[in-house]
Protein chains: 2
Amino acid sequence: MKKIFLIGAGLSASTLIKYLTDNSEKHDWKIRVGDVSVETVKEKLNGHKNAEAVQFDIFNEEQRNEEIKNADIVISMLPARMHYLTAESCIKYKKDMVTASYVSDELKAMKDDVEKSGILILNEIGVDPGIDHMSAMQIIDGIKEKGGKITAFRSYTGGLIAPDFDNNPWNYKFTWNPRNVVVAGQGSAAKIIVNGKYKYIPYHQLFKRVERTNVINYGEFEVYPNRDSLKYRKSYGLEAIPTMVRGTMRRPGFSKAWNVFVQLGATDDTYTLENSENMTYREFINTFLKYHPKLTVEGKISSYLHIEEDSSVMYKLRWLGIFENEKIGIKNASPAKILQKILEKKWKFEERDRDMLVMQHKFEYELKGKKKEITSSMVIEGKDHVHTAMSSTVGLPVGIAVKMILTGKIKEKGIRIPISKNIYNPVLQELQEYGIQFTEVEKDL
Amino acid sequence: MKKIFLIGAGLSASTLIKYLTDNSEKHDWKIRVGDVSVETVKEKLNGHKNAEAVQFDIFNEEQRNEEIKNADIVISMLPARMHYLTAESCIKYKKDMVTASYVSDELKAMKDDVEKSGILILNEIGVDPGIDHMSAMQIIDGIKEKGGKITAFRSYTGGLIAPDFDNNPWNYKFTWNPRNVVVAGQGSAAKIIVNGKYKYIPYHQLFKRVERTNVINYGEFEVYPNRDSLKYRKSYGLEAIPTMVRGTMRRPGFSKAWNVFVQLGATDDTYTLENSENMTYREFINTFLKYHPKLTVEGKISSYLHIEEDSSVMYKLRWLGIFENEKIGIKNASPAKILQKILEKKWKFEERDRDMLVMQHKFEYELKGKKKEITSSMVIEGKDHVHTAMSSTVGLPVGIAVKMILTGKIKEKGIRIPISKNIYNPVLQELQEYGIQFTEVEKDL
């Protein structure tokens, strides 16, 4: 019998819990799921005989050590910044650990201790990061094995609303963390490489520098670059690649309208507005516009940012209600916080809605003097409000990896991400059973 | 005999040192000047019999305590972030202290200790901050005493090049710290109030939101808003003022061209560029522009930012040499660092050049049902490359304040800025002897 300790039973853990309990009989697993809200866990476990809910506080060192000591493997679905706590106990009791998050700096700093302890900490095995790594590496290794030379790699992901439920002019709803969407792209300039030239795109230009792409059966999307598109150049073995871009997908027209908020300064989360609790939405927008004795707020925004009043951008803005005289009612709020409140009302992911996860890789490569292109696309629609596309694409790779570690199929040790063949091949293989697969189209350029 | 200890003998201390030594005979002062470079001090003291140069390290606690213990008053002309060290020793040995810098957060935190010790730490008594406070308060108190109600206050300062030496298309040279000019306005949005409405201007809009103003005999200037225009609302007793803007002055056309660098992202100091040492100026600019198979860098910048190739903006850019194939030659440089290098070559404040300090306050007020406007302007040109306008406008108010403290004319204690009548009146009075005075024009609106 193997004991799995899963920490965190939030939104993205639903499908993972189902995978683990579904597989528990066959593999003789006992699953303990710890969360600050034991009720949440109980609801998700639904009385499964091989699973147990625990009230769990990650900051309680004694409890953490006790639980991890008694487990054979630990999964952390908490926010990335908390993983180092779990990792400390895993090192201490020599237990393998799996997460769907980026390798944090705190975790990187523990490299030596992890290696000394002889354990595996497998990270970034969710969807993005996760499925993106695995599906890209499968193609990259395939091209290299044929003797091809990769000259361009574009990789795009988007968490969106499924077409049947896509019923607003932004073609967007909050299927992921709203705050992350509002502040997306802030910080240092985005970095890409195009035909051997590094390109740096500051935040205030990011949503003007979009590319367009098509996904079979799903039509057109637009893509804005992620912060550091070159982060995985080395891990992917593409050190000398002339073109590499990672980006976030939206439906066409989103970025142009979103850029209005960026240009106004309405996405800023670094300061609070005076008297925000008594401000209306209209006053909020007006606060970013130059004083004018006669022009309306709509007129000022139109002339300031060169947007026609009858444009689709202005329609999107009006639809959000930002010109209404409704009170905001949040004290000491930053612009980002107020904007988020406005958006949460209008971009609400309703109970009946289903989400959609879109991923696309585009490779250009040369083989025997010929230029070719591979476009590999995946679209997953959520099953319902609990088993969302996000929950399944994040949870299933984690669950499969845990199974592979417990059954001895993954033997690596140390701090890892899923870029080696012996991990990505079986994981991608099993994901197909759940309908998670890519459609590949190859053509000559 | 009174002993003055002056810390820091940099550029802005030249006129201060002259003022102190010139007054030392009459007032029986002994002046010690400490700096990391004792040679710099010796050069500035020029063997004056009442002054002594000391090799001084602010981080050497023992030396710091020893010097401050033996002094009657301490002046710190070091960067503001180092003042708390001096303040610690001043509190310990109960010595008054004077600085020309903003009150830092570290200093604010020492409020209780300063008060317990019974000393005065007088800050912000240079030019900006300093002369701006004093000259504004004199007018504000004057209007209030007449029974007037102030409805608008705009306050502008610029460190510029004197007209006779203004011979480049930007009408600008580095008469102040170049780095501060390159990163000016970065961080949280600028905050102003106009007709009772708060306005927040994000950095990427700052240089588009300029106002124009005229200064008698000196013609037209443009002004972009400072970070927090409302910082002194309370200190000035203008809590309910409907319009208040503090800004930085440039010659017309500067901001529009500078905005190109802001829009490109070339003023960013938060990350370093790949391979910056081998990059040319032209490649540096190209790194912020979208890849295009045919367009030149000039053509791309022109279409990206909607600048005509024959515009004065493009002329200013070409004049800087940013399109040249010259190597940058700085390793791991941020965009801001590279831009500064380019600018330092072209905006050099030459030995023969003289600087200019411009300050203007504009008040609107109501008196007995009538609307009036006061415009108060000051222009100071530097005498030479050592006794610059900056050095005299920073150093003289400091020197005068020190004299007033030593002669018992300033009796306040605690952490202060020069906004009370018994400080600003005599300081402004004596500054007139040095030609530092405002021209006031009043008119009905």
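Small disclaimer: the values here were computed from a predicted structure and weren't measured. Below, chain A is the first sequence line, B the second, and so on; all start at residue 1.
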Best-contacting candidate, [options], against chain B by heavy atom pairs under 4.5 angstrom:
{"options": "G265(A), P293(A), S188(A), A266(A)", "result": "S188(A)"}
{"options": "V194(A), N195(A), V262(A), L230(A)", "result": "N195(A)"}
{"options": "Q205(A), M279(A), E283(A)", "result": "Q205(A)"}
{"options": "Y291(A), Y198(A), Y200(A), Y271(A)", "result": "Y200(A)"}

Open item on the list: Taking side chain as everything from C-beta outward and backbone as N, CA, C, O, which of these in N275(B) sits under 4.5 Å from a heavy atom of chain A? Side chain, backbone, both or neither.
Closed with: neither
- [ ] Give, as side chain, backbone, both or neither, the part of L305(B) having an atom under 4.5 angstrom from any heavy atom of chain A.
- [x] side chain
TODO: Measure distances from L264(A) to the heavy atoms of chain B and classify the residue's part below 4.5 Å as side chain, backbone, both or neither.
DONE: backbone
Open item on the list: Looking at F221(A), I'd like to know if the NZ or CZ of R251(A) sits under 6.0 Å from its six-membered ring centre while staying within 45 degrees of the ring's axis.
Closed with: yes
Open item on the list: How close do E222(B) and G253(B) get, counting heavy atoms only, and between which atoms?
Closed with: OE1-N, 3.1 Å
Answer yes if the side chains of [X] and [Y] hold a donor-acceptor pair under 3.5 Å, and no otherwise.
{"X": "Y156(B)", "Y": "E211(B)", "answer": "yes"}
{"X": "Y203(A)", "Y": "T267(A)", "answer": "yes"}
{"X": "N286(A)", "Y": "K300(A)", "answer": "yes"}
{"X": "Q263(B)", "Y": "Y304(B)", "answer": "no"}

- [ ] Identify which of I192(B), L289(B), D268(B) forms the greatest number of heavy-atom pairs closer than 4.5 Å to chain A.
- [x] L289(B)
